[in-house]
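Take a look at the structure set out below.
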Protein chains: 2
Amino acid sequence: MSDGSSTVTSINSLTFEDLGSAAQRDRRKRILDATIALASKGGFDAVQMRAVAERADVALGTLYRYFPSKVHLLVSALAREFEQANVALDRKPVPGDTAADRVMYVLGRNTRALQRDPNLTEALTRAFMFADASVANEIHTVGMHVTRMLMRAMYDAATPTEEIEPTDEDIAIAKVIGDVWLASLVQWVTGRASAADVGKSIDVAVRLLLRD
Amino acid sequence: MSDGSSTVTSINSLTFEDLGSAAQRDRRKRILDATIALASKGGFDAVQMRAVAERADVALGTLYRYFPSKVHLLVSALAREFEQANVALDRKPVPGDTAADRVMYVLGRNTRALQRDPNLTEALTRAFMFADASVANEIHTVGMHVTRMLMRAMYDAATPTEEIEPTDEDIAIAKVIGDVWLASLVQWVTGRASAADVGKSIDVAVRLLLRD
DNA sequence: TCTGCGACTGAAACGTGTTTCGAAATGGTG
DNA sequence: CACCATTTCGAAACACGTTTCAGTCGCAGA
């Protein structure tokens with residue numbers, strides 16, 4: 001049972017790898033697509049489980065079998081978005097001469113992408129923030145994507161991703177930068193900070209944390 | 001109408017100052033006390049509006065007249081807690097020779113206080129994180145208390161609180177430190193980080209942001 | 001082809017946040 | 001004290017996340 005390949009106990013969301021048949025993978029995809037579509041249209045409140053199920057053309061019970069709660073669902077959607085962003089990022093080396101430049105570039109790029117769809121960002125961010133311990137796995141996946149993104153930016157483009165061996169200090173710095181980024185986004189999402197404020201916070205954090 | 005003294009439109013929580021009679025102030029206090037007690041016993045989920053109303057000995061409708069949502073209620077409770085912490089802090093000058101030392105002292109002290117009551121902290125933190133734009137006022141109050149606390153720590157104890165004139169840079173730094181602190185607490189509350197991790201994040205942030 | 005088992009469906013039911021509303025209580029004013 | 005406005009109460013109703021369950025479907029193995 002330690003390999004997780006047998007019966008999946010419904011504590012976690014079903015991941016792409018958990019799903020055996022093409023039909024199931026397609027169901028999962030339809031559910032996440034419906035989630036993104038509804039979130040994009042009306043934010044967190046518009047992502048209603050009955051609406052998601054209907055739009056994805058699955059029964060409510062099935063939706064809950066794939067994602068045990070609304071928060072699991074939204075955080076899983078966030079993970080998929082980040083995964084896609086990371087794939088896109090992998091295509092080219094990150095531009096910039098210093099670690100600070102490259103980190104700013106990556107965060108700026110992602111921030112702008114998020115700000116282009118405020119409702120979606122609101123839904124995903126609030127779910128992420130509201131998640132409790134039961135969502136640890138999904139949260140961890142998101143965290144991995146963010147860390148990976150920052151590490152790729154902090155290290156020189158010449159270093160292959162697999163060979164990056166970050167120091168503890170680097171990890172701690174990346175964690176702090178990630179925290180600041182997320183906190184800024186939360187504030188932007190709730191109207192407590194402008195887009196410019198988000199940029200400024202990140203700028204301060206990166207500049208001070210990554211001075212060469 | 002600009003002075004807010006006439007009929008209160010129920011967009012915001014009723015503040016202490018909004019309330020005319022002693023009976024009303026007492027009701028408000030009973031509600032917040034009940035909130036804290038329930039949160040302390042069982043965390044966010046245990047703060048059920050019907051339970052709060054019953055324990056505070058008010059009708060459900062009255063509870064909603066004082067605090068228009070569960071999140072308003074919890075964030076208002078958080079604001080009161082911070083206010084009390086600030087009052088306590090004002091009694092003595094903050095010890096420490098450098099700004100970094102003093103900030104670490106203040107954050108450490110508050111962090112330990114929060115960690116002594118994990119359920120309460122979970123309830124308040126999650127509400128704060130989940131708050132949307134309609135809670136802007138209450139959130140802002142909390143932000144003021146945190147900023148004030150950090151400013152008092154960053155400036156030398158000799159400077160009277162009223163005369164502190166922080167630079168933009170100082171404000172930006174305080175904001176980043178506050179963000180990191182909050183993000184760390186969120187992670188601790190959701191079991192994603194240990195108490196030591198919280199200390200470490202704050203340490204990294206303060207050390208790097210406030211080096212002299 | 002038949003059988004059995006897990007997955008999916010459809011619908012109802014439950015819990016808790018939130019709203020609503022008529023009646024009773026309260027408090028200030030003439 | 002009588003009157004009016006506002007507040008509070010009590011209780012029901014509603015909305016949406018979540019659970020439950022009996023029936024149906026799809027498919028792997030005999």
Side-chain angles (χ1 to χ4, degrees), chain A residues 5-11 13-14 18-31 34-35 38-39 42-76 123 126-127 130-132 134-135, chain B residues 5-11 13-14 18-31 34-35 38-39 42-76 123 126-127 130-132 134-135:
Chain A
S5 65
S6 46
T7 311
V8 183
T9 48
S10 75
I11 298 174
S13 310
L14 264 30
D18 288 333
L19 270 11
S21 79
Q24 286 180 317
R25 294 184 174 202
D26 191 58
R27 259 188 213 101
R28 189 188 132 101
K29 177 178 184 311
R30 288 205 311 275
I31 291 173
T35 303
L38 289 169
F44 187 88
D45 290 338
V47 181
Q48 302 190 355
M49 300 305 270
R50 291 171 176 86
V52 171
E54 186 173 1
R55 178 160 191 144
D57 207 36
V58 299
L60 191 54
T62 304
L63 172 53
Y64 273 95
R65 224 183 70 82
Y66 279 66
F67 301 97
S69 80
K70 175 170 174 171
V71 170
H72 284 81
L73 173 61
L74 281 164
V75 176
S76 297
R126 288 183 67 201
F130 194 60
D132 68 2
S134 73
V135 201
Chain B
S5 65
S6 46
T7 311
V8 183
T9 49
S10 75
I11 297 174
S13 310
L14 264 30
D18 288 331
L19 271 12
S21 79
Q24 287 180 317
R25 296 184 173 203
D26 190 60
R27 259 188 212 99
R28 190 189 129 100
K29 177 177 184 309
R30 288 205 311 274
I31 291 172
T35 303
L38 289 169
F44 186 88
D45 290 339
V47 181
Q48 302 190 353
M49 299 304 271
R50 290 172 177 86
V52 171
E54 186 174 0
R55 179 159 191 144
D57 207 37
V58 299
L60 191 54
T62 304
L63 172 54
Y64 273 95
R65 224 184 70 83
Y66 279 66
F67 302 96
S69 81
K70 174 169 172 171
V71 170
H72 284 81
L73 172 61
L74 282 164
V75 175
S76 297
R126 290 184 65 200
F130 193 60
D132 69 2
S134 73
V135 200

_Could you go through B:M49 and B:L73, starting from their C-alpha distance and side-chain angles, then the distance that decides it, and tell me whether this counts as side-chain contact (heavy atoms from CB on, under 4.5 Å)?_
CA-CA 9 Å; B:M49 299 304 271; B:L73 172 61; 4.1 Å; yes
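Between the CD1 atom of B:I31 and the C1' atom of D:dT7 there is a distance of 13 Å, rounded to whole Å. Distance, A:F130 CZ to C:dG17 P: 10 Å, rounded to whole Å. C:dA7 atom C1' lies 15 Å from atom CG of A:D26, rounded to whole Å. As a whole-Å value, the separation of A:L14 CG from C:dA7 C1' is 11 Å. Distance A:E54 CD to C:dG10 P: 11 Å, rounded to the nearest Å. Between B:L63 atom CG and C:dT18 atom C1' there is a gap of 11 Å when expressed in whole angstrom units. The nearest whole Å value for the distance from the CZ atom in A:F67 to the P atom in C:dC8 is 12 Å. In this structure, the CG atom of B:L73 is 13 Å from the C1' atom of C:dT18, given to the nearest Å.
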Going 5' to 3' through nucleotides 14-19 of chain D and flagging B where a protein heavy-atom sits under 4.0 Å of the base, S where only the sugar-phosphate is that close, and - otherwise, we get --BBBB
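With values rounded to the nearest 0.5 angstrom, A:L63 atom CG is found 12.0 Å from A:R27 atom CZ.
Heavy atoms only, all atoms of each residue included: B:A127 and B:V71 are closest at O-CG1, 3.6 Å.
Using cut-offs of 30° and 60° for the angle between ring planes, the A:F130 and B:F44 rings count as perpendicular.
Looking at B:R55, its side chain never comes within 3.5 Å of a backbone N or O of B:L38 through a donor-acceptor pair.
Of the side-chain N and O atoms in B:Q24, none sit less than 4.0 angstrom from OP1 or OP2 of C:dT26.
The side chain of A:A59 sits closest to C:dT9 out of D:dT8, C:dT9, C:dC8.
With sequence neighbours excluded, the residues forming a salt bridge (charged side-chain N to carboxylate O under 4.0 Å, His left out) with A:D26 are A:R30, listed by chain and number.
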